[in-house]
Amino acid sequence: MRHVTASFCSTGQDIAEHWAALNLRAATNVFMHPTALQVADACGIARVHMLLAWDRDAHPERLVGIWALRQCRITPFSPSFLAAPPYAYSWLSDPVIDPDFMAETAAAFLDAIANEPRLPAVLRLRHLDGDSPSGAAILAALAARGAHVMNVSRRPRAFATRECGLKRSGSTRKKLRQDWNRLCAAGASCVVTNDRSRDAVRDAFEAFLALEAASWKGSAGSALLSDRADAAFTRSLVDALAAEGNASVALLNVDGRAVAAQVLFYCGAMAYTWRTAFDTAFAKFSPGALLVDQVTAQLLAAGGIDAIESCAPQGGFMLQVWEGRRTTVDLLADLGARRSLLFSALAIAERSQALARAHDALRAASWWARRLSAR
């Protein structure tokens with residue numbers, strides 16, 4: 001077994017060359033991109049702790065893993081815990097690990113957390129990809145060290161690849177064809193653009209923000225422009241990634257007017273459909289779904305992109321559009337010798353949230369049942 005060690009480092013540490021080399025070997029996660037972590041830390045959106053793992057037998061030493069966690073609290077005065085994803089609006093908590101050092105690196109990450117006296121040893125992992133090699137390695141490492149683990153949930157999310165991409169038949173495909181034809185008939189031109197140049201991304205992201213703010217998300221207060229800090233952070237995040245060619249905003253334009261926008265991130269051969277918005281005046285045409293359908297086909301056909309991550313841990317419409325599935329895992333873990341009070345408190349909070357979600361789902365189902373029976 002090779003000698004792999006991991007330690008916490010500043011997000012400001014320059015590891016650009018090491019990161020680029022690691023991404024040529026490993027399955028990627030754009031939300032662990034050092035540039036994204038630096039932006040999150042600088043904007044104060046999260047207290048980010050970056051773990052780096054090195055192969056000490058290589059000359060020079062080689063980066064074999066990166067994992068970022070944020071420090072959180074249940075209440076302002078309660079003990080803190082470590083959580084992933086590492087900042088708001090990030091949707092995957094998987095570390096990036098060299099496939100030749102998978103088990104050693106996952107174990108080294110957990111050892112570094114457990115042995116750091118300044119940080120808690122309780123983890124809350126949400127949106128872990130249970131089907132990715134690094135996600136599976138973290139789960140195996142937790143089991144190997146006998147950590148106290150509470151499995152909160154496992155659920156499918158949409159995932160597209162060249163082999164298992166867009167649904168080619170069925171009612172969803174038929175509806176998308178009909179909606180596309182109807183939308184194109186509504187205007188003189190119907191065009192999808194996806195320019196990855198930095199200036200184009202900036203302009204298109206502002207169009208996305210405007211569409212989102214004018215939608216139900218704006219009314220509900222969940223649009224990015226509803227919160228000044230969120231808007232500033234995401235503008236900086238998108239711009240920083242775009243500067244490296246790792247972000248774009250696809251637009252569906254009807255007669256030169258953007259009616260849907262899809263923000264995309266890129267890392268290696270993976271694309272990420274980060275956030276979607278559409279003009280509610282065109283809702284009957286399902287413009288968001290049409291845009292994702294068109295962009296998916298374009299990306300997978302163009303070369304350079306082998307898979308597309310939906311970033312939709314709660315399901316979403318992409319489950320209807322894409323054939324591929326991956327497993328999203330949420331869990332709690334305590335790396336201490338004994339189960340802590342903090343772990344127990346987090347477990348109670350997770351169970352309460354699960355009951356609340358189940359209650360909301362039951363109320364929604366009951367509402368629909370009453371509507372259907374009244375017809």
Side-chain angles (χ1 to χ4, degrees), residues 6 8-53 63 65-72 82-98 109 124-129 132 134-135 138 196-198 201-202 204-205 208-209 224 227 229-250 262-276 305 307-313:
F8 285 96
C9 305
S10 166
T11 59
Q13 184 170 334
D14 184 6
I15 58 167
E17 290 187 11
H18 293 288
W19 166 260
L22 177 60
N23 268 277
L24 293 176
R25 310 189 303 271
T28 60
N29 180 356
V30 72
F31 301 111
M32 299 293 163
H33 195 301
T35 295
L37 299 177
Q38 289 169 12
V39 171
D41 218 8
C43 289
I45 202 76
R47 222 177 138 189
V48 180
H49 299 281
M50 184 173 71
L51 275 165
L52 299 181
L63 183 69
I66 179 171
W67 198 20
L69 305 159
R70 60 174 167 169
Q71 203 164 347
C72 303
L82 293 177
Y87 48 87
Y89 305 111
S90 55
W91 300 110
L92 287 172
S93 61
D94 307 31
V96 177
I97 302 177
D98 187 316
F109 281 150
R124 186 190 69 191
L125 303 182
R126 289 179 174 169
H127 317 326
L128 185 73
D129 187 343
S132 73
S134 60
I138 291 296
R196 287 174 70 167
S197 66
R198 188 176 187 181
V201 174
R202 283 175 175 167
F205 188 60
F208 159 80
L209 290 173
L224 295 177
D227 185 283
D230 287 353
F233 163 62
T234 52
R235 279 184 172 121
S236 296
L237 175 64
V238 170
D239 186 57
L241 291 175
E244 301 176 8
N246 291 322
S248 71
V249 183
Q262 174 64 63
V263 184
L264 295 146
F265 292 157
Y266 307 90
C267 195
M270 181 83 76
Y272 303 76
T273 53
W274 181 63
R275 207 163 167 95
T276 307
I305 297 297
I308 309 175
E309 168 61 62
S310 67
C311 301

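Position 1 is the first residue of the sequence; numbering continues from there. For the numbers below, each heavy atom of this structure counts, side chains included, while hydrogens, waters and symmetry mates do not.
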Visitor: Distance check, rounded to the nearest 0.5 Å: L128 atom CG versus D94 atom CG?
Guide: 5.0 Å
Visitor: Could you walk me through whether L37 and Y87 pass side chain to side chain contact (heavy atoms under 4.5 Å, CB included), step by step?
Guide: CA-CA 8 Å; L37 299 177; Y87 48 87; 3.8 Å; yes
Visitor: Check step by step if side chain to side chain contact (heavy atoms under 4.5 Å, CB included) holds for L22 and R25.
Guide: CA-CA 5 Å; L22 177 60; R25 310 189 303 271; 3.6 Å; yes
Visitor: Would you sort out whether T273 and L264 count as a side chain to side chain contact (heavy atoms under 4.5 Å, CB included), showing the intermediate values?
Guide: CA-CA 5 Å; T273 53; L264 295 146; 3.7 Å; yes
Visitor: If I compare all heavy atoms of A40 with all of V48, which pair ends up nearest, and what's the gap?
Guide: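 That closest heavy-atom pairing would be CB-CG2, 4.3 Å.
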Visitor: Compare every heavy atom of Q13 with every heavy atom of L52, then report the nearest pair and how far apart it is.
Guide: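 Looking at all heavy atoms of both residues, the shortest contact is CD1-NE2, 3.9 Å.
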Visitor: Nearest 0.5 Å, please: how far is CZ in F31 from CD in E309?
Guide: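 Separation between the atoms: 7.5 Å.
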Visitor: At their closest point, which heavy atom of M270 faces which heavy atom of I308, and how far apart are they?
Guide: SD-N, 4.1 Å
Visitor: Please list, chain by chain and in numerical order, all residues satisfying side-chain hydrogen bond (donor to acceptor under 3.5 Å, both in side chains) with T11, sequence neighbours excluded.
Guide: D41
Visitor: Parallel, tilted or perpendicular: which describes the rings of W19 and H33, with under 30° parallel and over 60° perpendicular?
Guide: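 Judged by the thresholds at 30° and 60°, the geometry between W19 and H33 is tilted.
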Visitor: Measuring from atom CD1 of I45 to atom CG of D230, what distance do you get when rounded to the nearest 0.5 angstrom?
Guide: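 Atom-to-atom, I45:CD1 and D230:CG are 5.0 Å apart.
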Visitor: Inspect the surroundings of CZ in R47 and state if more than 12 heavy atoms from other residues, nucleotides or ligands are less than 6.0 Å away.
Guide: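 No, because the 6.0 Å sphere around CZ of R47 holds 12 heavy atoms or fewer from other groups.
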Visitor: Checking the side chain of S134 only, and the main-chain atoms of P95 only, is there a donor and an acceptor separated by less than 3.5 Å?
Guide: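 Yes, because the side chain of S134 sits within donor-acceptor range (under 3.5 Å) of the backbone of P95.
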Visitor: Short question: side chain of Y89, backbone of T234 - any donor-acceptor pair under 3.5 Å?
Guide: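 Pair absent, no side-chain N/O of Y89 close to backbone of T234.
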Visitor: Are side-chain heavy atoms of S10 and M50 found at a separation under 4.5 Å?
Guide: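 No - every pair of side-chain heavy atoms lies 4.5 Å or more apart.
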Visitor: Grab the two heavy atoms, one from C267 and one from T28, that are nearest each other, plus how far apart they are.
Guide: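 Closest approach of C267 to T28: O-OG1, 3.0 Å.
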Visitor: Between the side chain of T35 and the main-chain N/O of L241, is any donor-acceptor distance below 3.5 Å?
Guide: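 Between the backbone of L241 and the side chain of T35 there is no qualifying donor-acceptor contact (under 3.5 Å).
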Visitor: So how far is it from Q262 CD to W274 CH2, rounded to the nearest 0.5 Å?
Guide: 10.5 Å
Visitor: Do you know the tightest heavy-atom contact between V39 and L237?
Guide: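 Distance-wise, the nearest heavy atoms are CG1-N, 3.8 Å.
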Visitor: Hey, could you give me the CD/CD1 distance between Q38 and I15, rounded to the nearest 0.5 Å?
Guide: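 It is 8.0 Å, given to the nearest 0.5 Å.
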Visitor: Would you give the length of the straight line joining atom CG of D129 to atom CG of N29, rounded to the nearest 0.5 angstrom?
Guide: 9.0 Å
Visitor: I would like to know whether T276 and F208 meet side chain to side chain contact (heavy atoms under 4.5 Å, CB included); could you show each step before the answer?
Guide: CA-CA 8 Å; T276 307; F208 159 80; 5.7 Å; no
Visitor: On a heavy-atom basis, which atom in D239 and which in R198 lie closest, and how many Å separate them?
Guide: OD2-NH2, 2.7 Å
